[in-house]
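Small disclaimer: the values here were computed from a predicted structure and weren't measured.
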Amino acid sequence: MHPVTTDRGAVRGDYSVGVAVRRGEREGILVLYGGGWCDLIVWSGRPGDAAVDEVPGWQDWLDLQAFSRVVDRFEALLLE
């Protein structure tokens with residue numbers, strides 16, 4: 001088991017890669033984890049609106065084609 005830490009220098013290995021983006025008021029975060037799943041979060045930026053908060057691949061790990069579909073969904077949600 002890996003210990004939880006806030007010190008990035010203490011982390012060994014490549015476990016995730018992610019992006020945080022803004023388009024006007026809309027904000028999104030997409031993180032791909034080494035285990036084969038993602039965090040996908042998009043919020044309109046409007047008070048009272050719930051964020052889209054999904055974990056694609058959590059129960060059925062993603063291959064490259066499935067991850068490509070997640071990226072396409074992320075883009076579509078940001079462009080709404």
Side-chain angles (χ1 to χ4, degrees):
M1 179 173 206
H2 299 286
V4 176
T5 180
T6 58
D7 178 8
R8 287 185 177 265
V11 176
R12 301 290 180 246
D14 300 324
Y15 299 106
S16 66
V17 62
V19 295
V21 296
R22 287 189 82 144
R23 183 175 187 268
E25 292 181 346
R26 196 170 289 274
E27 299 178 6
I29 298 170
L30 180 62
V31 180
L32 173 63
Y33 294 94
W37 72 91
C38 295
D39 285 339
L40 182 153
I41 303 169
V42 177
W43 178 52
S44 71
R46 293 185 299 269
D49 281 0
V52 173
D53 187 352
E54 301 174 354
V55 189
W58 180 250
Q59 293 183 340
D60 186 20
W61 288 3
L62 304 170
D63 60 15
L64 186 57
Q65 288 179 337
F67 178 63
S68 177
R69 290 190 295 274
V70 172
V71 172
D72 290 345
R73 174 157 172 67
F74 183 65
E75 178 185 29
L77 288 167
L78 288 168
L79 296 176
E80 282 184 350

Do [X] and [Y] belong to the same hydrophobic cluster, where Ile, Leu, Val, Met, Phe, Trp and Tyr are linked whenever their side-chain heavy atoms lie under 4.5 Å apart, directly or via other members?
X	Y	result
F67	V19	yes
V70	V17	yes
L32	W37	no
L78	I41	no

Exercise. Minimum heavy-atom separation for L62 to C38, with atom names?
Worked result: CD1-SG, 3.5 Å
Problem set entry | For Y33 against S16, the heavy-atom pair lying closest together | CD2-CB, 3.6 Å
Exercise. Any side-chain heavy-atom pair from I29 and D39 closer than 4.5 angstrom?
Worked result: no
Exercise. Would you call L40 and L77 a side-chain contact if the rule is heavy atoms closer than 4.5 Å?
Worked result: yes
Side-chain polar contacts of residues 47-60 - donor-acceptor pairs under 3.5 angstrom, sequence neighbours left out - could you list them?
residue, atom, partner, partner atom, Å
D49, OD2, S44, OG, 2.6
D49, OD2, R46, NE, 3.0
D49, OD2, R46, NH2, 3.0
E54, OE1, R73, NE, 3.0
E54, OE2, R73, NE, 3.3
E54, OE2, R73, NH2, 2.6

For this session: Starting at CG of L79, measure out to CZ of F74 and round the result to the nearest 0.5 Å.
Result: 10.0 Å
